[in-house]
Amino acid sequence: MSSPDPTVRAARNADAPTLQTGRGTEEPAPRPGRRPVIAVTGAATGIGALLTRALVASDEVKQVIAIDERRGDIPEAHWHVLDIRDPAIAEKLHGADVIVHLALDLDLESDAAARTAYNVRGTQTVLTAAAAAGVHRVVLCTSAMVYGALPDNDIPLAEDAELRATADATGVGDLLEIERLAQRAPRAHPGLNCTVVRPAVLVGGTDTALTRYFESPRLLVVAGSRPAWQFCHVEDLVGALEYAALEKVEGELAVGCDGWLDQEEVEELSGIRRMELPSSVALGAAARLHRIGLTPSPAGDLAYTMHPWVVSGSRLHEAGWRPRWTNEEVLAELLEEVAGRHTVAGRRLGRKDATAAGAAGATVALLGTAALVRRARKARRRI
């Protein structure tokens with residue numbers, strides 16, 4: 001599958017207004033014929049590297065400023081090596097029109113407190129530095145998870161739907177705080193505009209609680225739930241971020257494949273059978289397993305496999321952007337990526353462990369382990 005076509009573009013207003021910059025002077029917003037300077041944080045790896053490579057190849061971009069804690073392998077970009085929490089980042093942003101902030105830690109195995117400190121402080125620093133340097137637009141990337149996974153969600157959700165997520169799932173508390181920072185930034189820094197991009201289940205070299213769901217020997221289905229699966233390939237996310245960086249669309253943007261798959265379709269396409277559990281058993285076991293350190297995923301992650309959180313992506317569509325991948329294609333890609341991995345309740349097992357445990361037996365073993373730990377704790381309290 002090729003990368004999103006950078007030539008498909010929406011027209012911009014030729015009479016774009018001037019913007020008040022953080023330096024107290026007015027500068028024109030990028031307009032047709034004026035190629036912007038775009039900065040990217042987290043540019044050395046992952047989505048940041050993919051976006052940096054796409055931008056340096058675009059004839060619509062004058063220069064790319066790449067910022068990361070190590071230098072990447074894209075020589076066409078102008079590199080600055082530093083921690084995004086360093087206030088000195090403001091000096092590196094002078095001359096930039098737009099910054100795309102992608103330096104986030106959403107690793108399942110990261111310490112939660114350290115992860116939050118990095119994500120929130122980093123975003124605060126980038127927003128303040130952007131205003132000080134006269135950057136007029138910041139593009140942030142969170143997740144469609146901020147809408148929350150709830151049984152009464154519309155299918156699909158509009159971009160302006162209320163953000164009803166809680167901080168119970170991995171990293172979602174950080175993403176909600178980043179969303180709040182984005183809302184406050186234009187008031188705190190007049191002339192600074194924020195665009196927030198919210199991808200659906202992200203696939204393509206990613207490792208999340210939702211991609212690990214498909215590494216399990218059985219797909220856990222909570223009885224009475226109504227899952228609806230919508231994916232977003234990283235190539236499509238990069239295309240949407242490029243649209244936002246070139247200011248062809250703004251505001252809150254949801255991005256994902258067109259439509260969605262129900263649980264039965266996912267099971268048929270994947271060939272993985274389900275294991276259905278009552279809600280109280282599944283949620284209770286997930287909470288206990290996480291609390292005693294057997295799994296990295298809190299119980300809140302399970303809600304995103306139970307209830308719909310499909311997004312429409314209408315604003316990007318109206319601007320002329322289209323996903324290059326379908327849900328079926330992304331699911332096939334995901335299954336190919338996770339082949340050979342063995343995960344139960346979010347916990348990775350070695351091949352030997354998975355083979356010994358067996359398919360459904362692996363889940364039973366974990367649940368049994370949790371029960372044994374509880375009994376041992378009770379026994380110690382009685383001594």
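FYI, side chains are in, hydrogens and waters are out, and symmetry mates aren't considered; it's all heavy atoms of this structure.
- A pairwise comparison of heavy atoms in A303 and A149 identifies O-CB, 3.4 Å as the closest pair.
- V310 and W321 fall into different hydrophobic clusters, defined by Ile, Leu, Val, Met, Phe, Trp and Tyr side-chain heavy atoms under 4.5 Å apart, directly or through other members.
- Using a 4.5 Å heavy-atom threshold, the side chains of V311 and Q230 count as touching.
- With a 4.5 Å cut-off on side-chain heavy atoms, L106 and T208 do not count as touching.
- Considering CG of D174 and OG1 of T116, their distance stands at 3.5 Å, rounded to 0.5 Å.
- Here the shortest heavy-atom pairing between L82 and A88 reads CD1-C, 4.1 Å.
- Nearest heavy-atom pair across L241 and C141 is CD2-CB, 4.5 Å.
- Between S143 and L175, the closest side-chain pair of non-hydrogen atoms falls below 4.5 Å.
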request  = Could you go through the side-chain contact (heavy atoms from CB on, under 4.5 Å) check for T125 and D86 one step at a time?
outcome  = CA-CA 7 Å; T125 303; D86 186 343; over 6 Å; no
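- Partner of D97 under the salt bridge (Lys or Arg N to Asp or Glu O under 4.0 Å) criterion, out of R137, K62, R34: R34 alone.
- Screening residues 283-306 for ring pair (Phe, Tyr, Trp, His ring centres under 6.0 Å) gives Y304-W309 as the qualifying pairs, with residues at least two apart or on separate chains.
- No salt bridge links R218 with E276; every basic N to acidic carboxylate O contact stays at or beyond 4.0 Å.
- Salt-bridge check for E318 with R315: failed, with every basic side-chain N at 4.0 Å or more from each acidic carboxylate O.
- Counting heavy atoms from C-beta on, the side chains of V139 and I99 never come closer than 4.5 Å.
- Nearest heavy atom pair, residue G256 against residue A200, reads CA-CB, 4.4 Å.
- Taken to the nearest 0.5 Å, the NE2 atom of H101 stands 11.0 Å off from the SG atom of C194.
- Between the D154 side chain and the P156 main chain, no donor and acceptor come within less than 3.5 Å of each other.
- Salt bridge absent: R121 and D83 never bring a charged side-chain N and a carboxylate O closer than 4.0 Å.
- Residues G48 and L102 come closest through the heavy atom pair CA-CD1, 3.7 Å.
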task = For the pair V201 and L334, evaluate side-chain contact (heavy atoms from CB on, under 4.5 Å) and give the outcome as yes or no after the intermediate values.
result = CA-CA 11 Å; V201 179; L334 173 57; 5.8 Å; no
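- With a 4.5 Å cut-off on side-chain heavy atoms, V238 and E235 do not count as touching.
- Distance check, rounded to the nearest 0.5 Å: CG of L55 to CD of E76 gives 12.0 Å.
- When the side chains of ILVMFWY residues are joined at heavy-atom separations under 4.5 Å, either directly or via intervening members, L50 and L253 end up in a single hydrophobic cluster.
- A donor-acceptor pair under 3.5 Å links the side-chain atoms of S270 to the main chain of I272, judged by distance alone.
- Atoms OH and CD, on Y147 and E159 in that order, are 5.5 Å from each other to the nearest 0.5 Å.
- For the residue pair D152/H307, the side-chain donor-acceptor check at 3.5 Å is not satisfied.
- L150 and L163 end up in different hydrophobic clusters when Ile, Leu, Val, Met, Phe, Trp and Tyr side chains are linked at under 4.5 Å.
- Side chains of L283 and M306 form a contact here, defined as non-hydrogen atoms less than 4.5 Å apart.
- At least one side-chain heavy atom of L220 sits less than 4.5 Å from a side-chain heavy atom of L277.
- One distance of note links CD of E109 with OG1 of T170; it measures 9.5 Å at 0.5 Å rounding.
- Hydrophobic clustering of Ile, Leu, Val, Met, Phe, Trp and Tyr side chains at less than 4.5 Å, counting indirect connections, keeps V330 apart from W260.
- Within the 4.5 Å cutoff, the side chain of P36 has heavy atoms near those of the L246 side chain.
- Ion pairing of R198 with E179 is present here, as a side-chain N (NZ or NE/NH1/NH2) and a carboxylate O approach within less than 4.0 Å.
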query = For I155 and N153, what are the C-alpha separation, side-chain angles and deciding distance, and is it a side-chain contact (heavy atoms from CB on, under 4.5 Å)?
reply = CA-CA 6 Å; I155 302 179; N153 273 346; 5.6 Å; no
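- Of the possible donor and acceptor atoms, one in the side chain of D236 sits under 3.5 Å from a partner among the backbone N and O of W325.
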inquiry  = For a salt bridge (charged side-chain N to carboxylate O under 4.0 Å, His left out) check, start with the C-alpha distance between R184 and E177, then their side-chain angles and the critical distance, and finish with the verdict.
reply    = CA-CA 11 Å; R184 294 196 294 263; E177 182 57 31; 3.4 Å; yes
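- One hydrophobic cluster holds both V203 and L331 under the rule that ILVMFWY side chains link at heavy-atom gaps under 4.5 Å.
- Using cut-offs of 30° and 60° for the angle between ring planes, the W229 and F231 rings count as parallel.
- Within 6.0 Å of atom CD in E268, 12 or fewer heavy atoms from other residues, nucleotides or ligands are found, so the atom counts as exposed in its surroundings.
- The closest donor-acceptor contact from the side chain of D262 to the backbone of E265 lies under 3.5 Å.
- When every heavy atom of I89 is checked against every heavy atom of A129, the shortest pair comes out as CG2-CB, 3.4 Å.
- Residues meeting the side chain to side chain contact (heavy atoms under 4.5 Å, CB included) test with E267, sequence neighbours left out: L219, V221, Q263, R274.
- Of the charged side-chain nitrogens involved, none lies within less than 4.0 Å of a carboxylate oxygen, so that D301 and R212 do not count as a salt-bridged pair.
- In this structure, OG1 on T41 lies 7.0 Å from CG on L104, to the nearest 0.5 angstrom.
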task = Using the side-chain contact (heavy atoms from CB on, under 4.5 Å) rule, take T142 and V197 through it: C-alpha gap first, then chi angles, then the decisive distance, then the call.
result = CA-CA 6 Å; T142 60; V197 181; over 6 Å; no
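- With sequence neighbours left out, the salt bridge (charged side-chain N to carboxylate O under 4.0 Å, His left out) criterion links R273 to no other residue.
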